[in-house]
Amino acid sequence: MPQIELSKIRKTFKIYERPEGKWALLRGAFSRTARTVTALDGVSFAIGEGELVGYIGPNGAGKSTTVKVMSGILTPDGGACVINGRTPWKERTAHVAEIGVVFGQRSQLWWDVPVSDSFLLLRDVYNVPRETFKRRHDELTETLGLGGLLKTPARQLSLGQRMRCELAAALLHSPRILFLDEPTIGLDAVSKLALRSFLKEENRRSGVTMLLTTHDMDDVEALCDRVMVIGHGKLLYDGGMPALKARYAAREGEDIDEVIARMYEEMAL
Amino acid sequence: MRKAYLSIFRIRAAESFQYRIAALSGSLTSFLWAVIEIAAFTVFFKYARGPGGGLTLEQTVSHIWVRELLLFLQPYNIDGDLLGKLTSGDVGVELCRPLDLYWHWFARTSAGKLVVFVMRCLVCFLVAFLLPGGFAARPPASPAGFLLFVPAVLCAFLLCSSFLMLMTAVRTNITWGDGPMYLLGLAGGLLSGGYLPLQLWPGFMQPFLLLQPFAGICDIPARLYIGSMEPSEAWLGIAVQLFWSVVFIAVGRFIMARRVKTLVVQGG
Ligand SMILES: Nc1ncnc2c1ncn2[C@@H]1O[C@H](COP(=O)(O)OP(=O)(O)OP(=O)(O)O)[C@@H](O)[C@H]1O
Ligand SMILES: [Mg+2]
């Protein structure tokens, strides 16, 4: 049985809008019109243990929504999702104890205290034994080069430095699965390369399953054997990167971004 | 598991001491406000005909300073950071922790109060002992009263935190806005004795005033300190505090558990 299995997951959001026109503000106080947006329209896939999967799609396709559902922090309207034998949103606390999540746009570090304090807190939150924690902590500090950053409050870190700390924070409790939502956003070329090689190595060494969303196709090419494409809440492609390229590239050696753009166009996204 | 909540309490307390200067300057406001109030009460007691309600002037002055000491417990506002997390969607990060969101935020909320207690309230209270004559803070009415005042303050801390968590749970429905919160906060402030000692209110209201939920936030500990509640009656005061704490926790947890299921984590 695969480690992660989604079948026909659906999620719609209600968006409330103010009426337009005369007296709109006043009428808006009493009546609102609701519009529904379908973020996920029956998404199904399965991911096995130790896989490193890229999850791509244009803006608003439903990537972050999928990650939220799989993290147990958003309840879908329908469909089933079983991860490590549990339904994430039904057994949230047991589920999240075994996964790590990095949201590129948000921080999980405490803003005003040294990074190392945030790490120590995570030890207690995830109930990691002292010895195990120390080993893991030293290992991550070493491979991510955090030595000089640990005593700095998170708010004083640059984006790239912070992202390295975020990764460590997500992996300190040795999760079996790691979800990354745009981890490379805003990083310079050097940081990006470092992050990629770290993820690749971590996946190879500790066998942690990874699913990563990104708009940087080089991330996907460098890291993922398998790529899933989502658009308008539907899964449109699931397979290898070479096959995807072969199908949509106009010529040999075409830039990957152009290939993806053509694919989005052909899929009418 | 309990250790996790303690650690959250600790880290949040450490973090909030970032704002010690702001809290310290708040102590000046507290101080001036109390002095003005004492002057007004002195005039009032001097010229009012007949006994001025259930307290003497000395007790009233003492009540005012104890109230400044307990000001950090006034339930005006829920934790600003938590409100920010709800509206920005950072609550998603909190939900990714294998913790009960209620106790997680309970620890945060209560820890955030400590800086105001130490830097604003305690400073103001201690300095008040140095004031001349009629303005000075007074020692507790009796040693026994003081020994009961300490646990009553701890219970007030519990009560205040659980009330704030109830407000937070209600506020988790972010579309409601701040209106209901302000009303609740205002009622809480008034009924806690934070504006006027409850024993100066009309006599027929006294049984209600003692038993309602907010007396325990300020007035009950203050009564034990100034001696307007006998140490032998303290059990009733503390029982009232604990009773309402349990009620607030139960209702807060119930609402929070339901909200978490339907919570929409914003952004992405
Ligand atoms: N809280 C919300 N309320 C209403 N609509 C939402 C909400 N969150 C997402 N949506 C809608 O759901 C759809 C999918 O959003 P999602 O954030 O999953 O996209 P995404 O694939 O992560 O996009 P991006 O690449 O821009 O991050 C979008 O149309 C978006 O407008
Ligand atoms: Mg997104």
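Just so we're on the same page: letters track the sequence lines, and every chain starts at 1.
B:W65 meets the ring-ring contact (aromatic ring centres under 6.0 Å, His included) test with B:F31; sequence neighbours excluded.
Contact tally against chain B (heavy-atom pairs below 4.5 Å) for A:V113, A:V96, A:D117, A:L122: the top residue is A:V96. Most heavy-atom pairs under 4.5 Å with chain A: of the set B:I11, B:V93, B:D100, this distinction falls to B:I11. Here A:T93 is the residue among A:T93, A:V67, A:V101 with the most heavy-atom pairs under 4.5 Å with chain B. Here A:L121 is the residue among A:I99, A:T65, A:L121 with the most heavy-atom pairs under 4.5 Å with chain B.
Residues A:Y126 and B:R97 have side chains in contact (heavy-atom distance under 4.5 Å, counting atoms from C-beta outward).
Contact annotation for B:F17: neither backbone nor side-chain heavy atoms come within less than 4.5 Å of a heavy atom of chain A. Both the backbone and the side chain of A:Q108 come within less than 4.5 Å of a heavy atom in chain B. There is no contact between A:T213 and chain B, counting heavy-atom distances below 4.5 Å. Only the side chain of B:Q18 comes within contact range of chain A, judged by heavy atoms closer than 4.5 Å. The parts of B:R12 that come within reach of chain A are both its backbone and its side chain, each placing non-hydrogen atoms under 4.5 angstrom from that chain.
Counted within 6.0 Å of CH2 on A:W111, heavy atoms from surrounding residues, nucleotides or ligands total more than 12; the atom is thus considered enclosed. For B:F129, the CZ atom counts as densely surrounded, since its 6.0 Å shell holds more than 12 non-hydrogen atoms of other residues, nucleotides or ligands. Within a 6.0 Å radius of CZ in B:F9, other residues, nucleotides and ligands contribute more than 12 heavy atoms. Sparse packing is recorded around NZ of A:K234, with 12 or fewer heavy atoms of other residues, nucleotides or ligands lying under 6.0 Å away.
Among residues 150-187 of chain A, the residues having any heavy atom closer than 4.5 Å to a heavy atom of chain B are, in sequence order, A:R155, A:D181, A:E182.
When each of A:D124, A:V125, A:L120 is tested with B:S7 by the rule side chain to side chain contact (heavy atoms under 4.5 Å, CB included), just one qualifies, namely A:D124.
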ask   = Given the rule in the side chain to side chain contact (heavy atoms under 4.5 Å, CB included) test, do A:W89 and B:L95 qualify, once you have shown the distances and angles that lead to the verdict?
value = CA-CA 10 Å; A:W89 58 92; B:L95 287 171; over 6 Å; no
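Separation of atoms CD (A:Q105) and OG (B:S88) is listed at 11.5 Å; rounding is to 0.5 Å. Separation of atoms OG (A:S64) and CD (B:Q266) is listed at 12.5 Å; rounding is to 0.5 Å.
With A:R92 contributing its side chain and B:V260 its backbone, the two residues share no donor-acceptor pair below 3.5 Å. Remark: the backbone N or O of B:V265 is paired with a side-chain donor or acceptor of A:K68 at under 3.5 angstrom.
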